[in-house]
Q: 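Just dropping this structure here.
Basis for what follows: all heavy atoms, side chains included, without hydrogens, waters or symmetry-related copies. Note that the structure is a prediction, hence the values are computed from the model and not measured. Residue numbers start from 1 in every chain, and the chains themselves are labelled A, B, ... in the order their sequence lines are given, proteins ahead of strands.
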Number of protein chains: 2
Amino acid sequence: MPTIFDVAALAGVSKSTVSNVVRGTDGVSERTRARVERAIEILGYRPNALARQFVRQRTTILGVLVGDLDNPFYGDIAKRLERVAFENGYTTMFCNIEGQDEDFALSRVEALLEQRPAAIVFLAFFGRSPDIQAALHASVPVVFAGLREDWGDSVSVSNSQGGALATQHLINLGHRRIAYVTTPSLEQRAGQARHRGYQSALRAAGARHLPPIHWEPGSERARMRGREVALRDQLGGADGATAVFCSNDIGAIAMLEYADRHGIRVPEDLSVVGFDDVHLASLARISLTTVRQPLDEIATEAVELVLARLDGSLEGPPRHVRVSPSLVVRSSTAPPSSP
Amino acid sequence: MPTIFDVAALAGVSKSTVSNVVRGTDGVSERTRARVERAIEILGYRPNALARQFVRQRTTILGVLVGDLDNPFYGDIAKRLERVAFENGYTTMFCNIEGQDEDFALSRVEALLEQRPAAIVFLAFFGRSPDIQAALHASVPVVFAGLREDWGDSVSVSNSQGGALATQHLINLGHRRIAYVTTPSLEQRAGQARHRGYQSALRAAGARHLPPIHWEPGSERARMRGREVALRDQLGGADGATAVFCSNDIGAIAMLEYADRHGIRVPEDLSVVGFDDVHLASLARISLTTVRQPLDEIATEAVELVLARLDGSLEGPPRHVRVSPSLVVRSSTAPPSSP
DNA sequence: CCGCATCGTTGGAACGTTCCATCGCCGGCC
DNA sequence: GGCCGGCGATGGAACGTTCCAACGATGCGG
């Protein structure tokens, strides 16, 4: 494999000049540049990224910490992130953090950090403990994509606005008993903001909000106001909610499953709204009304934030970019049949 | 950040000895080792991965080329691969190749190769042209996971066996007019083997096989025997197929969508079988009968093959590991109502 | 008692870049 | 005509490891 010296020899210049050409430094005459480029062409020279990284003590690797690659929401945004990063000359390195175990996640992060990535993108919540934050923050720029954290830059949808959008839609359809369902294991802090949006929309409409339902998909039971209840009792019927706003699509789809299994018709007996607009949601058999996150925008902005930090054009305290959610109405919502 | 020299100075030994300790070379006395380890502890020394990679001209990065991270099948196997690789001390680097454009894919591969990964795992077909194969193969070990290619190691399900399994299931239910549907854009070479399995099962049962249907999800039309036909005419009714075996789950789910839109009831009018057993397939609203690939096994074996190549314990021509597919019966299949 | 093998340790070279200080050359201005 | 400024090209140092040849000490056998 040819090195910079081989190119220099062939072009009849010094290695430094070749380096200047390769890196696009200005101050190289047109003639020389052409000669060098020709030599590069002939030899099929490719700069050794390892050597470059070594001497500069930084890479063009973008480390990405993913909550669960298998979750279509993450898969989707990971894919877009990869594309935008690539367009900007960065290679992405994914680490899958499967939530549960903070120690495990930490070892993962350390392995990633050993590769000295130029920056780290979080697609998962991580690093509650202050020392981890400090360690990470000191060594590399950090950006949160799709979620908001205070200790780093972030670009995210306004979750409260999205929550309000979803809830307003249900109110407009005539629903008054609207429940908010959150799925702890899938849940991120984003859920709290979505809940606030839900509350404010109901308040504005003069309707009362029900206590949030904490439900683990697959379970028959849920928690409300700290007490355990049967989920079935909370849905449909004379007293139950006529509509639910689930804090994310995966939870919402699980809710559809639950309804199917228990003979609750959607949307006749129960309207369901999700959040994220994962691909799944658009399948005819699911057809979930949901709040869309503009993933392309999120990915693009996230990479831009990172690049700005890297080239020094952005400094100072964390910057938080907000993008707008939008409502996607499908067939899991309808006016209540028994208002 | 302390270097190997700082440790050496503190421990009162040479940098070489520190290096030996860090790398676990034997031939270091117990006393010295203890002293060095203590120095490492005190200074909080961490070897510089960049420097190591540079001098060794290889990394502990496992490059993974993914067909489409957003496709749940790939997302799922990518996640497992990441886990197994991590357990073996490797970090994974994903590159998303979105199929369409070979040039685009090539530039992506080159960017990946620039990072000098220890090996490359393919989760996508790539590199039809012999020079690409040669280039890749010469520089790093290559393994195909979940699919089979002749120019590198591979670990994959027996696609023909899986095809036979699916088809046999339909035959057992009483179907005789069974169509094989392939979705070119999602399709890989694996489809051919699945088709062979389909054919052999029908042959064994004394039934005739229909010409394969090439169908692009979303389209109303398909190709059969090189002629364009309306897909609707091929399904259900007195003449049409009473069952279809789709070469992958995403295609099968699209087929369910198509059936829904055209008033074809599944499974009453049409049984549908897929291939892969993606998560989606198990949703109650989809409930697709399909052929499962043992993804964990595939991921594990793939990494093991790579490691064997890397430590030299496996040499010679490509090794092909076979794992067994299994049938997962759900509710998209039933006996034909009009036999 | 000397030579030789063995074991643990060591210093030097090499890896392929980037970055910086410096150099030579040429042209313009005093 | 000499001096100076600027531009383009250059050589050297540095980055932190790994790997290898060589070294000294020690013990053992002839």
Q: Do other residues, nucleotides or ligands put more than 12 heavy atoms under 6.0 Å from the NE2 atom of A/H320?
A: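 Result for NE2/A/H320: enclosed.
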Q: To the nearest angstrom, how far is A/E30 atom CD from D/dG8 atom C1'?
A: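 Taking atom C1' of D/dG8 as the reference, CD of A/E30 is at 13 Å.
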Q: Is the number of heavy atoms from other residues, nucleotides or ligands within 6.0 Å of CD (B/E41) greater than 12?
A: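 No - once you tally the heavy atoms of other residues, nucleotides and ligands closer than 6.0 Å, there are 12 at most.
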Q: Any side-chain donor-acceptor pair under 3.5 Å between A/S19 and A/S16?
A: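 Not at all, the side chains of A/S19 and A/S16 share no donor-acceptor pair under 3.5 Å.
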Q: Using a 4.0 Å heavy-atom cut-off to protein, can you give one letter per nucleotide of nucleotides 16-27 of chain C, 5' to 3': B if the base is in contact, S if only the sugar-phosphate is, - if neither?
A: BBBB--------
Q: Side chains of residues 49-66 of chain A: which donor-acceptor pairs under 3.5 Å do they make with residues two or more places apart or in other chains?
A:
{"from": "A/Q53", "atom 1": "NE2", "to": "B/Q115", "atom 2": "OE1", "distance (Å)": "2.8"}
{"from": "A/Q57", "atom 1": "OE1", "to": "B/N48", "atom 2": "ND2", "distance (Å)": "3.2"}
{"from": "A/Q57", "atom 1": "NE2", "to": "A/F54", "atom 2": "O", "distance (Å)": "3.2"}
{"from": "A/T59", "atom 1": "OG1", "to": "A/I61", "atom 2": "N", "distance (Å)": "3.2"}
{"from": "A/T59", "atom 1": "OG1", "to": "A/R116", "atom 2": "O", "distance (Å)": "2.6"}
{"from": "A/T59", "atom 1": "OG1", "to": "A/A118", "atom 2": "N", "distance (Å)": "3.4"}

Q: In whole angstrom, give the distance that lies between atom CG of B/L50 and atom P of D/dC15.
A: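 Going from B/L50 (CG) to D/dC15 (P), I get 14 Å.
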Q: Please report the distance, rounded to the nearest Å, between CZ in A/R33 and P in D/dG8.
A: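 After rounding, the gap between these two atoms is 10 Å.
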Q: Quick one: CG on B/L123 to CZ on B/F94, what's the gap to the nearest 0.5 Å?
A: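 Reported value, rounded in 0.5 Å steps: 7.5 Å.
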Q: Just to be sure I understand the rule, does A/T17 reach a base, reach only the sugar-phosphate, or reach nothing, if contact means heavy atoms closer than 4.0 Å?
A: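 Here A/T17 touches the bases of the nucleic acid.
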Q: What is the distance, to the nearest angstrom, from the CD atom on B/Q53 to the P atom on D/dC19?
A: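 Going from B/Q53 (CD) to D/dC19 (P), I get 14 Å.
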Q: Are more than 12 heavy atoms, taken from residues, nucleotides or ligands other than A/R322, located less than 6.0 Å from that residue's CZ atom?
A: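 For A/R322, atom CZ is crowded (more than 12 foreign heavy atoms under 6.0 Å).
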Q: Side chains of A/E82 and B/N96: is there a donor and an acceptor less than 3.5 Å apart?
A: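 No donor-acceptor contact under 3.5 Å links the two side chains.
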Q: Rounded to the nearest 0.5 Å, how far apart are CZ of B/R33 and OG1 of B/T25?
A: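 With rounding to 0.5 Å, CZ (B/R33) is 8.0 Å from OG1 (B/T25).
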Q: In whole angstrom, give the distance that lies between atom CZ of A/R35 and atom P of D/dG8.
A: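 So the two atoms are 14 Å apart, to the nearest Å.
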Q: The helix from C/dC1-D/dG30 to C/dC30-D/dG1: angle between its terminal axes, five pairs each, to 10°?
A: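 Here the local axes at opposite ends form an angle of 70°.
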